[in-house]
Asks: 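Quick one: structure below, then a few questions.
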Amino acid sequence: MTAQRRNNPHDKLFKAVFSEPRNAIAHFAVCLPPALLAALDLSRAEHVPGSWVDEALKDHHSDVVHAIPVRGAGADGARPRTVLLHTIWEAQASVESFMALRAHRYSTRLLEEWSREHPKERLPPVIVLVLYHGKAAWTAPLELEELFDLDGLDDAACDAIRPYLPKQRYLLEVLPEDPAAVRSGRGVARLTMLALKFGQDAKQWIAIFESEDDLRQLPPSGPDLLHLAALLVEYLLSVNPVLTPDALSEAMKPMGTEAQELPKTYLSRKVEQSREEGRRERDLELARKALAKGMSPAEVADLTDLPLAEVQKLAH
């Protein structure tokens with residue numbers, strides 16, 4: 001639906017975990033207002049593929065959307081009434097002053113897409129949930145209306161204007177500085193929230209693997225556990241400049257021997273990837289020089305490890 005997003009470790013972890021409805025459901029069940037939870041049938045939540053975040057902001061925001069049926073709706077055979085829950089991870093540590101405007105813009109894009117796919121149906125409610133991990137207090141307005149400049153107008157004029165202003169309010173969840181106070185469904189969902197909150201911290205990253213109650217909720221072994229472990233390894237070694245594979249491997253003891261091997265495997269793969277990139281750059285430089293001296297693309301392809309088709313493109 002949108003252009004391919006840049007390689008962003010926060011986005012990769014957030015989307016890999018919370019695009020899975022069971023993980024999103026575990027989080028929603030803890031953080032949504034009780035009255036809203038009572039109205040929604042979380043057990044039937046479905047991930048809606050795509051992203052509605054501005055291309056220029058994709059290093060700072062990640063998002064997932066779930067379509068959640070209303071309880072009891074559709075029992076007569078009609079299409080269930082649906083709420084779209086748009087979750088935004090605020091990856092930057094500073095406060096986004098115009099988040100209400102961004103939430104409104106993302107909601108509009110989402111509804112436009114929905115209306116194209118369901119042209120004869122009424123629009124579903126869209127609820128935006130913003131997850132913020134920064135240390136600074138969130139001071140940005142929660143209401144879109146608060147962003148409009150009505151200074152200088154008397155009360156009567158303000159009352160006359162407000163009905164014509166667009167309305168948007170978002171739910172805000174600020175992740176606390178105490179790891180024990182981080183709310184989410186136990187297991188994968190909460191471990192991920194801990195990683196996103198504390199993964200970059202030189203000391204507090206260890207809290208992820210000290211959460212014994214969450215670790216007990218994970219499968220004892222198998223592909224699901226190793227997939228999660230691999231996601232955490234890649235994320236932590238990407239975002240934490242002081243964390244070493246050995247320290248991470250030691251911390252991952254509760255996840256089992258196979259999981260403990262992943263940090264070293266990841267490091268070896270990154271070293272080899274770096275070598276391959278270096279060899280490729282040398283081949284490209286050699287190919288350009290050889291072509292400039294009049295060698296044919298076929299001769300250059302034999303001289304390097306580059307495919308003939310790629311050399312031919314360099315020649316034009």
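Keep in mind that this is a model prediction, so the values were computed, not measured. Below, all heavy atoms of this structure are taken into account, side chains as well, without hydrogens, waters or symmetry copies.
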Asks: For His47, give me all partners under ring pair (Phe, Tyr, Trp, His ring centres under 6.0 Å), at least two apart in sequence or on another chain.
Replies: His66

Asks: Could you check if a side-chain atom of Leu191 sits within less than 4.5 angstrom of a side-chain atom of Gln217, using non-hydrogen atoms only?
Replies: no

Asks: According to salt bridge (Lys or Arg N to Asp or Glu O under 4.0 Å), who are the partners of Glu177, at least two apart in sequence or on a separate chain?
Replies: Lys197

Asks: Side chains of Ser296 and Glu299: any donor to acceptor distance under 3.5 Å?
Replies: yes

Asks: Only pairs at least two apart or in different chains count here, so list each side chain to side chain donor-acceptor pair (under 3.5 Å) that has a residue in residues 129-139.
Replies: Trp138-Tyr170

Asks: Is Asp154 atom CG crowded by more than 12 heavy atoms from other residues, nucleotides or ligands, each under 6.0 Å away?
Replies: yes

Asks: Quick one: list whatever passes side-chain hydrogen bond (donor to acceptor under 3.5 Å, both in side chains) with Ser43, sequence neighbours left out.
Replies: Asp41

Asks: Taking the side chain as every heavy atom from C-beta outward, state whether Met252 and Pro263 have any atom pair closer than 4.5 Å.
Replies: yes

Asks: Return the OG to CZ distance between Ser211 and Arg216, rounded to the nearest 0.5 Å.
Replies: 9.0 Å

Asks: His86 pairs by side-chain contact (heavy atoms from CB on, under 4.5 Å) with which of Val48, Val64, Val65?
Replies: Val65

Asks: Measuring only between side-chain heavy atoms, which start at C-beta, is Met255 closer than 4.5 Å to Leu215?
Replies: yes

Asks: Near Glu143 CD, under 6.0 Å, is it more than 12 heavy atoms from other residues, nucleotides or ligands?
Replies: yes

Asks: Atom CG in Asp283, atom CG in Asp305: separation rounded to 0.5 Å?
Replies: 5.0 Å

Asks: Start with the C-alpha gap between Ser62 and His10, add the side-chain angles, then the distance that decides, and say whether side-chain hydrogen bond (donor to acceptor under 3.5 Å, both in side chains) holds.
Replies: CA-CA 8 Å; Ser62 301; His10 312 291; over 6 Å; no

Asks: With the 4.5 Å side-chain cut-off for hydrophobic clustering, are Leu308 and Val300 part of the same group?
Replies: no

Asks: Using the side-chain hydrogen bond (donor to acceptor under 3.5 Å, both in side chains) criterion, which residues pair with Arg186? Sequence neighbours excluded.
Replies: Asp213

Asks: Can you find a heavy atom in the side chain of Leu248 that is under 4.5 Å from one in the side chain of Trp205?
Replies: yes

Asks: Answer yes or no: does atom CZ of Phe98 have more than 12 heavy-atom neighbours from other residues, nucleotides or ligands under 6.0 Å?
Replies: no

Asks: Holding to side-chain hydrogen bond (donor to acceptor under 3.5 Å, both in side chains), I want the full list of residues that pass it with Asp159, two or more places apart in sequence or in another chain.
Replies: Arg162

Asks: If you take all heavy atoms of Pro297 and Gln312, which pair is closest and at what distance?
Replies: CB-CG, 3.9 Å

Asks: For Asp302, I'd like to know if atom CG has over 12 heavy atoms of other residues, nucleotides or ligands within 6.0 Å.
Replies: yes

